[in-house]
Colleague: 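Let me give you the structure first, and then I'll get to my questions.
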Amino acid sequence: MTGTPPTSVSAKLIDSTGNGVLLMSRYNVKETEAKWQNAWESQGCFTAREDASRPKYYVLEMFPYPSGRIHMGHVRNYTIGDVIARFKRAKGFNVLHPMGWDAFGLPAENAALEKKTHPATWTRENIATMRSQLKTMGLSIDWDREIATCDVEYYRHEQKMFLDFLKAGLAYRKESWVNWDPVDNTVLANEQVIDGRGWRTGALVEKRKLSQWFLKITAFAEDLLKGLETLDRWPERVRIMQENWIGKSTGVRFRFALKDRADTLEVFTTRPDTLFGASFAAISPNHPLAAELAASNPELAEFIAECNRLGTSEEAIETAEKRGFDTGLKVVHPFDSGLELPVYVANFVLMEYGTGAIFACPAHDQRDLDFARKYCLPVLPVVVPADADPATFTVGTEAYTGPGLLRNSRFLDGLDTESGKQEVGKKLEEAGQGERTTQYRLRDWGVSRQRYWGCPIPVIHCDSCGIVPVPADQLPVVLPEDVTFDKPGNPLAHHPSWKHTTCPDCGKPALRETDTFDTFIESSWYFARFCSPKEDSTAFTRESVDYWLGVDQYIGGIEHAVLHLLYSRFWTRALKTCGYLNLDEPFTGLFTQGMVNHETYKDADSGAWLAPTDLEKDDAGQWVRADSKAPVNVGRVEKMSKSKKNVVDPAHIIGTYGADAARLFMLSDSPPERDLEWTESGIDGAWRYINRLWRMMTETPVALPAAGSPKPAAFSPKAEAARRLVHKTIAGMSEDLDKFRFNKAVARVRELSNTLGELDGSGEGEAWALREGFESVVRLIGPMMPHLAEELWIELGHSGLLTDQPWPEADPALVVEDSVTMAVQVNGKLRATLELPRDMAKDAAEQVALADANVQRALEGKPVRKVIVVPNRVINVVV
RNA sequence: GCGGGCGUGGCGAAACAGGUAGACGCUAGGGACUUAAAAUCCCUCGCCGUUAGGCAUGCGGGUUCGAGUCCCGCCGCCCGCACCA
């Protein structure tokens, strides 16, 4: 480790001087930070109350999963949120800044297996640890509103919501294909399937058909898409990702007549204009027609089975060859009964999208072209680009997908692509064979999980009555804690008695649903629960959500760009439909922060990953193993992860340097949306700055005038300049914080402290200017380094909390300089800089510039053709 | 393949609206203080050049009095989605 930890610095000071006086003059982080954290808590500084007289501001960071200990990603996330919360508070907003725990989920069950602790115990212990760790960060959180989603007081309301959604037709049950791990006897999410195998067991994943609960997110597809346009305080890329995810496309749905059959084959296309270029139709291996034909065709059945074996992993899909099976069936072209197209079962046609069947025009679709070339099907170009010769235009190995003019298309000939689409749509509608429609890629949200540690789905399965919702007066359905983990599968299903109940309708014995909800459900409404966390009759009171929602500033990682953020937007709309609240968008402002990275290290011999704490620097400044002094290879800077051992424990950092230093580091240097590299020298730098501020304000060169002393009539030029910088910094920093430019804000306040450090306080008005400067710095750093700021506030002779002080106001007269440095260029090259009065007349500035010796030398006597003067900025002499 | 973003010193980065490129910090080097070290303070730090000056924002063009910033064409890196008909 480079540098010396501050604790040993203090210790050495005591050793060498033999007394503690010097230690007293140093900033004592540990005591100071604890002191102010206690003061804020005991005075209830951050307790939020509804107050119609003040503008509200709801700041929320994505709540953590209680995995055990906080990590640097949390520190970055909660530091950013806290700066905003404290800044808005100082600006006079009524701030709500709560915290809770996303407490259901799979890791707790894995811990139960590995460590033999109950998920509830493990979770509650983790919460206790992480709560106390978060408290050492000095966050301005209203802890009275803390919630944990695994508490029945929380999830009971979610069960009620689900039943209301069911009534409103927003929840339904259907059979669907899932990834099934045959060893664990459970469903796996797509991302838990690696190369076709379960991530934990390594078993080959099977596709299984299961009856599952779905939420009708597709009912809001259009609304979720439209809503994105209103989210002007969201990052562009998150909106684009959601837009792509919803995947709206317009086209035509129509029915082919099937030759020698009474039924029809329905397809969806976005390119009805290419209908005369069609050379085959294709259906998904999971299409009902395919199943029907396979029943009497073993070869086809084998082909379908093979397609389903191929798995759903991205790699499998990407590398899979286009393959098909000719069913022997033919469809009839809707506009020419003489034209017949073969029907293939093709492995690239998805049952889940559109109708599960397509018609293919190989000339204008790459995928269709690949297929057609493989099976020697015709390729007829029907769209010719505007700049191509229709007589010679052909398609080889690359399909033409752009716009153009239609040909070989009978009544469409000569039309452009767009008109052709409309024309075909119209004709099919007139014939009653099809209709123009909109299709979405978005699919309904499957929420059933065969897991224990989640919210029970409140329904009962009755042999006589079918699926019966648990009546509202019988809620909540409480998750039992007396379960065992000795058998594979869902412990809830193995519980001896829990699932046995009686049917609420007929009173006969019946079984409870043993699936639990996807844990994304809990995080879809927790922001609303924070508005009335103690309410037990309802999830939240109408008044509280009307007052606090939407969340003015939501902050979290980009990894939730689609799922959590889309689910929450859906859930909010569903709640609105059921009359819970009147709101469409839960998060009006969103900020996505970058990751925290660190260098990686490997043992030079074995190649094993090494942790930063395993290393030390040798005399030559090279990293070596601390134990064996063996050489170490320094690798790339990568996201902190356990597997690469490049994690730095925030608790250790906060214990050594304090929360303020950790917070300052998080805000310095890198813009918050970009990745940040954690370095030892960086945290050292933050620590040095904290001590510099402390010394500067506690060991002043002259006695400062008392707090609140009247402003002197005159200031020395140095004092005057310092005061201008003070007010410029106030103005600049306010803007920086509003725009999340924390790195610039830090740079500005450092620049100001550099300038104040140069004032010795002896000139006229300088002592007063110093106090003004110090007080401004303290107020400005308040949101970033709240403990140091409180302590310095006292040191400067104030009483009460800085936390209760308003944000400083810049004096507009001092923000603008009255002289400016202007650049003088000759032919665009800098030749001189001049200190000139602000807003000097153009011709006067020109005269001064031309008279300058450097300018004259650069002119070399050549005639001046033109002089361009940009007021207060630049003078360019053109020769 | 589609969509989005980004290329600036040894490093992280600044640069409002086309107007002094490199603020602020890290690293490094030199010096002061000290018996010594740590801490602290001072100085230097894009490249070449003694100065004058020249060259510099991934590369090549263009627009402009003036381009890191705007336009065109390349190159490289990162992220998201991906057989979506």
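Residue numbers start from 1 in every chain, and the chains themselves are labelled A, B, ... in the order their sequence lines are given, proteins ahead of strands.
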Colleague: In terms of side-chain heavy atoms of A:E751, which of B:rC26, B:rC24, B:rG19 is nearest?
Modeller: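 The nucleotide sitting nearest to the side chain is B:rC24.
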
Colleague: Which of these nucleotides, B:rG53, B:rU20, B:rA85, is closest to any side-chain atom of A:Y353?
Modeller: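 From the listed options, B:rA85 comes nearest.
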
Colleague: Between A:H333 and A:F276, is the ring centre distance below 6.0 Å?
Modeller: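 Yes - the distance between ring centres of A:H333 and A:F276 falls below the 6.0 Å cut-off.
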
Colleague: Please check the phosphate of B:rG66 (OP1 and OP2 only) for any side-chain N or O of A:N827 closer than 4.0 Å.
Modeller: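 Indeed not, no polar side-chain atom of A:N827 lies that close.
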
Colleague: Between A:R857 and B:rG53, is there a contact of a side-chain N or O with OP1 or OP2 at under 4.0 Å?
Modeller: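 Yes.
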
Colleague: If B:rA82 has a Watson-Crick or G-U wobble mate with both distances under 3.5 Å, name it; if not, just say none.
Modeller: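 Paired with no nucleotide.
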
Colleague: Which part of the nucleic acid, if any, lies within contact of A:T269, taking any heavy atom under 4.0 Å across all strands shown: a base, the sugar-phosphate backbone alone, or nothing?
Modeller: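 Sugar-phosphate, backbone atoms only, no base.
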
Colleague: Check whether the ring centres of A:W687 and A:F665 lie less than 6.0 Å apart, and answer yes or no.
Modeller: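 Centroid distance A:W687-A:F665: not below 6.0 Å, so no.
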
Colleague: Say you pick atom P in B:rC2 and the same atom in B:rG9; how far apart are they, in whole Å?
Modeller: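 Taking atom P in both B:rC2 and B:rG9, they lie 31 Å apart.
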
Colleague: Is A:S249 close enough to B:rA85 that one of its side-chain N or O atoms is under 4.0 Å from OP1 or OP2 there?
Modeller: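 Result: yes.
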
Colleague: Taking only the side-chain heavy atoms of A:W245 (C-beta and beyond), determine which of B:rC81, B:rC83, B:rG80 contains the nearest atom.
Modeller: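 My answer, after comparing the listed nucleotides, is B:rC81.
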
Colleague: Among side-chain atoms of A:N754 and A:R692, is any donor-acceptor pair under 3.5 angstrom?
Modeller: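 There is such a pair (donor and acceptor under 3.5 Å, judged by atom type) between the side chains of A:N754 and A:R692.
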
Colleague: Rounded to the nearest angstrom, tell me the gap between atom CD in A:E673 and atom P in B:rC79.
Modeller: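 Rounding to the nearest Å, CD of A:E673 and P of B:rC79 are 17 Å apart.
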
Colleague: Taking atom C1' in both B:rC45 and B:rG30, compute the distance separating them and give it to the nearest angstrom.
Modeller: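 To the nearest whole Å, 11 Å.
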
Colleague: Give the rounded distance in Å between these two atoms: CG of A:D669 and P of B:rC26.
Modeller: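 About 8 Å, once rounded to whole Å.
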
Colleague: Between B:rG61 and B:rA67, how far apart are the P atoms? Round to whole Å, please.
Modeller: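 The same atom, P, in both gives a distance of 14 Å.
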
Colleague: Among the nucleotides B:rA85, B:rC41, B:rC26, which one has an atom lying closest to any side-chain atom of A:R695?
Modeller: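 Nearest nucleotide to the side chain: B:rC41.
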
Colleague: Can you check the distance between B:rU57 and B:rG1, where both ends of the measurement are the C1' atom (answer in whole Å)?
Modeller: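 The same atom, C1', in both gives a distance of 32 Å.
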
Colleague: Which whole-number value in Å describes the distance from A:R239 CZ to B:rC79 C1'?
Modeller: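 It works out to 18 Å between those atoms.
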
Colleague: Could you check which nucleotide pairs with B:rC6 in any of the strands shown, counting Watson-Crick or G-U wobble with both distances under 3.5 Å?
Modeller: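 Because both required distances fall under 3.5 Å, B:rC6 counts as paired with B:rG76.
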
Colleague: For the side chain of A:V878, counting heavy atoms from C-beta on, which of B:rA85, B:rC65, B:rC81 is nearest?
Modeller: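 Of the candidates, B:rC65 comes closest.
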
Colleague: Looking only at atom C1', what distance separates B:rG68 and B:rG46, rounded to whole Å?
Modeller: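 Nearest-Å result for B:rG68 against B:rG46 at atom C1': 15 Å.
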
Colleague: Parallel under 30°, tilted from 30 to 60°, perpendicular over 60°: which one fits the rings of A:Y375 and A:F371?
Modeller: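 Tilted, since the angle between the ring planes falls between 30° and 60°.
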
Colleague: With heavy atoms under 4.0 Å as the rule, sort A:G682 into base, sugar-phosphate or nothing.
Modeller: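 No contact.
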
Colleague: Between P on B:rC26 and CD on A:E677, what's the gap in Å once rounded to a whole number?
Modeller: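 In whole Å, B:rC26 P lies 15 Å from A:E677 CD.
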
Colleague: Got more than 12 heavy atoms from elsewhere within 6.0 Å of CD, A:E398?
Modeller: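 No, CD of A:E398 has 12 or fewer neighbouring heavy atoms, counting only those of other groups under 6.0 Å.
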
Colleague: When you check the phosphate oxygens OP1 and OP2 of B:rG54, does a side-chain N or O of A:R831 lie under 4.0 Å from one of them?
Modeller: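 Answer yes for this pair, as a side-chain N or O of A:R831 is under 4.0 Å from OP1 or OP2.
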
Colleague: Ignoring hydrogens and angles, are the base of B:rC83 and the side chain of A:K322 linked by a donor-acceptor pair under 3.5 Å?
Modeller: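 Donor-acceptor pair under 3.5 Å: yes.
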
Colleague: Below 3.5 Å, does any donor atom in the side chain of A:R443 face an acceptor in the base of B:rC84, or the other way round?
Modeller: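 Indeed there is one.
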
Colleague: Starting the side chain at C-beta, find the nucleotide from B:rA13, B:rC83, B:rG4 nearest to A:N347.
Modeller: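 That would be B:rC83.
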
Colleague: Can you check the A:I868 CD1 to B:rG18 C1' distance for me, whole Å?
Modeller: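 Distance, rounded to whole Å: 12 Å.
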
Colleague: Does B:rA23 have OP1 or OP2 sitting under 4.0 Å from an N or O in the side chain of A:R750?
Modeller: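 So the side chain of A:R750 is outside the cut-off, no N or O lying under 4.0 Å from OP1 or OP2 of B:rA23.
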
Colleague: When the C1' atoms of B:rG7 and B:rG60 are considered, how many whole Å apart are they?
Modeller: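 16 Å, rounded to whole Å.
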
Colleague: Are A:K829 and B:rC55 close enough that a side-chain N or O sits under 4.0 Å from OP1 or OP2?
Modeller: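 Yes, within the criterion.
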
Colleague: On a whole-Å scale, what distance lies between the C1' atoms belonging to B:rA38 and B:rG49?
Modeller: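 Looking at atom C1' only, B:rA38 and B:rG49 are 40 Å apart.
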
Colleague: Name the nucleic acid region contacted by A:V749, choosing base, sugar-phosphate or nothing; use a 4.0 angstrom heavy-atom cut-off, strictly under.
Modeller: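 A:V749: no heavy atom of the nucleic acid under 4.0 Å.
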
Colleague: Over how many whole Å does the gap from A:Q242 atom CD to B:rG80 atom P extend?
Modeller: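 So the CD-P distance, A:Q242 to B:rG80, works out to 16 Å.
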
Colleague: Hey, is CZ on A:R237 packed in by over 12 heavy atoms from elsewhere, all under 6.0 Å?
Modeller: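 Atom CZ in A:R237 is not packed in, count stays at 12 or less.
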
Colleague: State which of B:rG4, B:rC83, B:rA13 makes the closest approach to the side chain of A:N743.
Modeller: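 Nearest to the side-chain atoms of A:N743, counting from C-beta on, is B:rA13.
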
Colleague: Ignoring the backbone of A:K744, work out which of B:rA14, B:rG53, B:rC24 is nearest its side chain.
Modeller: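 The listed nucleotide nearest to A:K744's side chain is B:rA14.
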
Colleague: Starting the side chain at C-beta, find the nucleotide from B:rG54, B:rG19, B:rC81 nearest to A:R441.
Modeller: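 Nearest listed nucleotide: B:rC81.
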
Colleague: For B:rU40, which nucleotide is its Watson-Crick or G-U wobble mate, given both distances must be under 3.5 Å?
Modeller: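 Check on B:rU40: paired to B:rA32, both distances under 3.5 Å.
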
Colleague: Can you see whether A:Y353 has A:R441 sitting over its ring - NZ or CZ less than 6.0 Å from the centre and within 45° of the normal?
Modeller: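 No.
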
Colleague: Kindly say if A:N754 contacts the phosphate of B:rG25, meaning a side-chain N or O under 4.0 Å from OP1 or OP2.
Modeller: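 The answer is yes; a side-chain N or O of A:N754 sits under 4.0 Å from OP1 or OP2.
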
Colleague: Please examine the side chains of A:P671 and A:F740, heavy atoms only from C-beta on, and report whether any two atoms are closer than 4.5 Å.
Modeller: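 No, too far: nothing below the 4.5 Å cut-off.
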
Colleague: Parallel, tilted or perpendicular for A:Y344 and A:F280, by the 30°/60° rule?
Modeller: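 Taking A:F280 first and then A:Y344, their aromatic rings stand perpendicular (interplane angle over 60°).
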
Colleague: Please give the distance between the C1' atoms of B:rC81 and B:rC72 as a whole number of Å.
Modeller: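 Here B:rC81 and B:rC72 have their C1' atoms 29 Å from each other.
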
Colleague: Specify the separation, in whole Å, of atom CZ of A:F665 and atom C1' of B:rC24.
Modeller: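 Between C1' of B:rC24 and CZ of A:F665: 15 Å.
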
Colleague: Can you tell me how far P of B:rC26 sits from CZ of A:R692, to the nearest Å?
Modeller: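 A:R692 atom CZ is separated from B:rC26 atom P by 9 Å.
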
Colleague: Between A:G247 and A:M822, just flag the one whose closest nucleotide in RNA chain B comes earlier from the 5' side.
Modeller: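 The 5'-side residue here is A:M822.
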
Colleague: Could you pick out which residue, A:V746 or A:M351, lies toward the 5' side of RNA chain B when each is mapped onto its nearest nucleotide?
Modeller: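 Per heavy-atom nearest nucleotide, the more 5' residue is A:V746.
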
Colleague: Choosing from B:rG4, B:rC65, B:rA85, which nucleotide comes nearest the side chain of A:T270?
Modeller: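 Side chain of A:T270 sits closest to B:rA85.
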
Colleague: Could you check if the base of B:rG9 is syn or anti? Syn means the glycosidic torsion is within 90 degrees of 0.
Modeller: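 Judged by the O4'-C1' to base torsion, B:rG9 sits in syn, the angle falling within 90° of 0.
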
Colleague: Look at all strands and tell whether A:R688 reaches a base, only sugar-phosphate, or nothing, counting heavy atoms closer than 4.0 Å.
Modeller: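 Counting heavy atoms under 4.0 Å across all strands, the contact made by A:R688 is with sugar-phosphate only.
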
